[in-house]
Student: 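Supplied in structure tokens, the structure appears directly below.
Bear in mind that the values here come from a model prediction, so they are computed numbers and not experimental data.
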Amino acid sequence: MLLQLRMAAGYLAVFVMPGLFALGLWLERPSLAFGAVFLIFPLARGVFGAYRQRTPIMWREGIATCLDRLPLAYGFVLLCVVGFSVWMIGAGAAESPAKAVGIGLSLWLTMLFATCPAHELIHRRDSRQACAGSLIAGLAGYPFLGCEHLAHHARFGDTARAEWPRLDESVWRFAARRIRRIMGETVAPGGVLWKRGQRQPDNTGVRGAATVTLVTWAAFSWAGGLPGFLIYLGVIVGVTFGIQLITYLQHWGLGDDSLPEAENRQFAWEDDCQFQAWVTLHLSFHQSHHQSPRLAYYRVGMAEDSPRQPAGYVMLMLICMIPALWRRLMLPARDRWMRQPEQAPSSGRRLTCFSQYSARVVGREQSNDEVS
């Protein structure tokens, strides 16, 4: 019982970001949450290590029920934090450009992490919980999450419609293609948003989520004037791009343009950082999630044959913005997985394992030269 409680307590990490954001506003350190993500979160691997669970945990019913309701509790906490931030901005928290930028950056990352509990709820069979997930996504500034994500799960390896990025595609081009398609399917005339009288796919509630986004934007604008308007506009733009960036990290090089079996296997990159698994509600175990999208997050493990990311999301987010560096570091990892899909190395408590992949590639090239 105590062991399971300790294991379940790790998922409370989802509350770290809204907590840091609120604390930063209160202490007049608006960049606190933003700085923590890039300076402290990557170091958490050294503290908590790698995910080692090999068999599913037989959770006690009471603990499983609490874990099941955790994303809903998160939604309530996020709503309170957003209300607090609107009040603080109205009280002058964004009085200077520097403070406004700090608030915008911290709120952007807080809302990007908020899409993880929203994503978990969107996959629930209970229509009320799925709707709650869409509303949380709307509060986070990305009301299309439910609509576009369920379509994503139905289009395995599809690079033509930008569900999976192409092998030779940069994150910038992929994000532009994907955002353009999503806007066409949702906001453009004839899109999901305008189909009145028709039930949304799996009760995603895109219209309700869009209403929440507009109301939240209006609240920030009313409280903070132009700075408030721009802060939440930045959140909308940043979260929209951030979702596509994460999709790129999870699926690059695994689409139907380069892997013939991509249409059936649902390939996705996974990462074994324990803290990252907690704070994203196991979204980083992405191939397993694609294979069992309805399975509760606390029951999702890692796929044995999944390609493994050489670093966590935060570090890869920065690396992928430089396409040449991204390909130099990630192509060896992809090559290693294609040759030995069930023997992926782990960085353990280190920040990265890029060197392990590079060393193997160099060694293989040297062996080929000796043979020739």
Student: Any sub-3.5 Å donor-acceptor pair from T352's side-chain atoms to P310's backbone N or O?
Tutor: no
Student: Show the nearest heavy-atom pair for residues P71 and I136, with the distance to one decimal.
Tutor: O-CD1, 4.0 Å
Student: For R60, enumerate each residue passing the side chain to side chain contact (heavy atoms under 4.5 Å, CB included) test, keeping only those at least two apart in sequence or located in another chain.
Tutor: M1, Q4, I63
Student: Give a yes or no answer on whether the side chain of S85 reaches the backbone of V82 with a donor-acceptor pair at less than 3.5 Å.
Tutor: yes
Student: Any donor-acceptor pair under 3.5 Å linking the side chain of E120 with the backbone of L70?
Tutor: no
Student: Go through the structure and list residues passing salt bridge (Lys or Arg N to Asp or Glu O under 4.0 Å) with D158, not counting sequence neighbours.
Tutor: R161
Student: A114 and L78: which non-hydrogen atoms are nearest, and at how many Å?
Tutor: CB-CD2, 3.7 Å
Student: When you check the side-chain N and O atoms of Q287 and S306, is any donor under 3.5 Å from an acceptor?
Tutor: no
Student: Is the distance between the ring centroids of W278 and F48 under 6.0 Å?
Tutor: yes
Student: What residue among W252, W164, W337, F156 forms ring pair (Phe, Tyr, Trp, His ring centres under 6.0 Å) with F267?
Tutor: W337
Student: Crowded around E95 CD? As in, over 12 foreign heavy atoms under 6.0 Å?
Tutor: yes
Student: Determine the sole option in H123, H119, H251 for which the ring pair (Phe, Tyr, Trp, His ring centres under 6.0 Å) test with H152 is passed.
Tutor: H251
Student: State whether the side chain of W59 and the backbone N or O of Y298 hold a donor-acceptor pair below 3.5 Å, judged by distance alone.
Tutor: yes
Student: If you compare all heavy atoms of A94 against all heavy atoms of P227, which two are closest, and at what distance to 0.1 Å?
Tutor: O-CB, 4.3 Å
Student: Answer yes or no: is there a side-chain heavy-atom contact under 4.5 Å between L259 and R265?
Tutor: no
Student: Go through T159 and F174 one step at a time and tell me if the side-chain contact (heavy atoms from CB on, under 4.5 Å) criterion holds.
Tutor: CA-CA 9 Å; T159 57; F174 171 72; over 6 Å; no
Student: Can we say D126 and R128 salt-bridge, meaning some charged N sits less than 4.0 Å from an Asp/Glu carboxylate O?
Tutor: yes
Student: Check whether any side-chain N or O of W172 sits under 3.5 Å from a backbone N or O of M321 as a donor-acceptor pair, and report yes or no.
Tutor: yes
Student: Between D168 and R173, is there a side-chain N and carboxylate O pair less than 4.0 Å apart?
Tutor: no
Student: Under a 3.5 Å distance rule, please check whether Q244 uses its side chain to pair with a backbone N or O of I179 as donor and acceptor.
Tutor: no
Student: Can Y313 and Q250 be counted as having a side-chain donor-acceptor contact under 3.5 angstrom?
Tutor: yes
Student: For H289 and L283, indicate whether the former's side chain and the latter's backbone hold a donor-acceptor pair under 3.5 Å.
Tutor: no
Student: Heavy atoms only: give me the nearest T186-C147 pair and the separation to one decimal.
Tutor: CG2-SG, 3.9 Å
Student: How about S292 and R299: does a side-chain donor come under 3.5 Å of a side-chain acceptor?
Tutor: no
Student: For the CZ atom on R349, are there more than 12 heavy atoms of other groups (residues, nucleotides or ligands in this structure) within a distance under 6.0 Å?
Tutor: yes
Student: Would you say the side-chain atoms of Y297 pair up with the backbone N or O of L67, donor to acceptor, closer than 3.5 Å?
Tutor: yes
Student: Search all heavy atoms of H286 against all heavy atoms of W269 and return the closest pair with its distance.
Tutor: CB-O, 3.6 Å
Student: Tell me which donor-acceptor pairs under 3.5 Å the side chains of residues 19-42 have, and how far apart each pair is, sequence neighbours excluded?
Tutor:
none

Student: Below 4.0 angstrom, N of the basic side chain to O of the carboxylate: do R45 and D272 qualify?
Tutor: yes
Student: Between E148 and R178, is the closest basic N to carboxylate O distance under 4.0 Å?
Tutor: yes
Student: Locate the shortest heavy-atom distance separating G133 from A118; write the atom from each residue and the value.
Tutor: O-CB, 3.3 Å
Student: Answer yes or no: is there a donor N or O on one side and an acceptor on the other, between the side chain of Y248 and the main chain of E169, under 3.5 Å?
Tutor: yes
Student: Mark yes or no for whether S288, through its side chain, and A303, through its backbone, hold a donor-acceptor pair below 3.5 Å.
Tutor: yes
Student: Any idea how H153 and H149 line up, ring-wise: parallel (<30°), tilted (30 to 60°), or perpendicular (>60°)?
Tutor: perpendicular
